[in-house]
Asks: 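Could you have a look at this structure, given as structure tokens, before my questions?
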Amino acid sequence: MKTLRLLLAFAALVPAIVLHLHAAEPVRVIFDTDMAEDVDDVGALAVLHALSDRGETELLAVMVCARNESIGPCADAINTWYGRPNIPIGYQRGLKNGYPAPNPGGTPSKYADKIAAAFPHKLQRSSDAPDAVSLYRRILAAQPDNSVTVVSVGFLNNLADLLDSSRDDLSPLNGEELVKRKVHQWVCMGGKFPQGRFDDGGGEYNVMYDTAASIRAIHDWPTPVIFSGFEIGAEIKTGSTLRNLPESNPVRLAYFHYTGLNTRESWDLTATLFAVRGAGELWTLSDPGFCLMHNRVPHGYNDWIRTPQGRHRYLVARKPPAEVARILEELMTSPPRGR
Ligand SMILES: [Ca+2]
């Protein structure tokens, strides 16, 4: 009898649980990418579009943090191909020291200009796009409080510049206040955990070049930061199943020019998947701590300090890399809804 009562009580709860699952709001994401030297940015953007098609996320904007006139058009072409031609794109104006530095020509890319040349889009040059900081401010100001997830998969110059921004016509709040009000969390593909240096003493790519920007963004970010460190994406290899897709797919073309359609590490895809779906069964989160950036000439590196007061955590692998890879491959090869 007791069992029956329990069963009846559970049955009464089921509609509420189902309703709750269906009522889950899409995660509002701003995607901040270099999309130049490596190709996993393209895979990550494909994952975001696939998750948008499933109603799990809403892509509010793409911000470009590297210096390269083809990245904006490339991202615009991919967004357009996925049926979202009006996603705003912002372009950096404050990059001090990207890869390879010093290089006035910007970060080279094996694919960005080719994607832009092959697929329809509106934006002709990255620098035709609005300043990323202004676009951040405009979008954040219009969003509900504590609702936005920032996913960065490149250098941290845009985020540092956002924190440095002053009140203006877009918002009466300065950058730090605006982030604190609107950003639920920042998911950062960057750093290496818990040991931040490689054997040669160097740091992780995204945080090491514009070290001053990394220091400002990471140390002063006023809401929780979750790092998907180098070690997470490095184990997860994706991209080879793109060879089964038609050549008319821009994600396939980008990987073709970068890897020859062999696999590539999945740093940016992993951060993006986590940003939308959370840790789920795939990862656990570290204890809280503080990601301390060291400013070493010419490039910096990160360190990890465990402290219960910390606003930072990093992902820890839980499932085998191949299992995560299967999920990512399925998303990055999904055709756009309606195509
Ligand atoms: Ca990247």
Side-chain angles (χ1 to χ4, degrees), residues 29-49 59 61-79 89-92 95 97-101 103 106-113 115-116 126 132 149-160 186-192 202-211 213-214 217-218 225-239 250-251 254-255 257-259 263-276 299-300 302 315 328 331-332:
V29 163
I30 298 178
F31 181 60
D32 201 313
T33 173
D34 52 335
M35 202 170 283
E37 200 281 319
D38 210 321
V39 77
D40 55 331
D41 301 73
V42 173
L45 185 55
V47 166
L48 277 175
H49 280 292
L59 181 53
V62 174
M63 305 293 186
V64 177
C65 60
R67 191 181 296 117
N68 179 313
E69 289 291 355
S70 295
I71 300 172
C74 172
D76 195 23
I78 293 170
N79 292 343
I89 294 174
Y91 184 56
Q92 63 77 29
L95 182 65
N97 208 6
Y99 170 85
N103 181 359
T107 305
S109 175
K110 293 179 180 171
Y111 61 84
D113 57 331
I115 302 301
S126 298
T149 295
V150 173
V151 186
S152 73
V153 296
F155 312 126
L156 305 183
N157 43 303
N158 285 339
L159 299 183
W186 167 24
V187 177
C188 175
M189 193 284 114
K192 182 174 166 291
E204 187 277 325
Y205 178 91
N206 285 346
V207 301
M208 70 184 276
Y209 285 103
D210 199 341
T211 309
S214 299
I218 293 173
V225 187
I226 313 292
F227 293 90
S228 183
F230 173 89
E231 67 284 352
I232 293 290
E235 298 293 324
I236 302 165
K237 309 288 168 53
T238 53
V251 182
Y255 274 76
H257 285 296
Y258 196 87
T259 67
T263 57
R264 181 66 183 151
E265 285 83 344
S266 305
W267 295 288
D268 297 359
L269 298 86
T270 302
T272 302
L273 182 65
F274 168 76
V276 175
H299 300 305
N302 74 282
L315 295 189
L328 292 172
L331 290 168
M332 72 194 289

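None of the values given here were measured: they were computed from a predicted structure. Counting convention: from 1, in listed order, for ligands and their atoms alike.
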Asks: Checking T107 against N68: is there a side-chain donor and acceptor pair closer than 3.5 Å?
Replies: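 Looking only at side-chain atoms, T107 and N68 do not form any donor-acceptor pair under 3.5 Å.
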
Asks: We want to know whether T270 and S228 form a side-chain donor-acceptor pair, criterion being a heavy-atom distance below 3.5 angstrom.
Replies: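 The answer is no; no qualifying pair exists.
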
Asks: Any N/O/S atom from V153 (main chain or side chain) under 3.0 Å of the Ca ion (ligand 1)?
Replies: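 Yes - counting backbone and side chain alike, V153 has an N, O or S atom under 3.0 Å.
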
Asks: So that I can check it, does any N, O or S atom in D41 come closer than 3.0 Å to the Ca ion (ligand 1)?
Replies: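 So D41 does bind the Ca ion (ligand 1) by this criterion.
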
Asks: Is it the case that the side chains of W186 and S152 hold a donor-acceptor pair, with the cut-off being a distance below 3.5 Å and no angle test?
Replies: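 Yes, a side-chain donor-acceptor pair sits under 3.5 Å.
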
Asks: How are the rings of Y99 and Y205 set to each other: parallel, tilted or perpendicular (split at 30° and 60°)?
Replies: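 It falls in the tilted class, 30° to 60°.
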
Asks: Can an N, O or S atom be found in D268 less than 3.0 Å away from the Ca ion (ligand 1)?
Replies: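 So D268 counts as coordinating the Ca ion (ligand 1), yes.
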
Asks: Does the shortest distance from the Ca ion (ligand 1) to an N/O/S atom of D34 fall below 3.0 Å?
Replies: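 It does; at least one qualifying atom falls short of 3.0 Å.
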
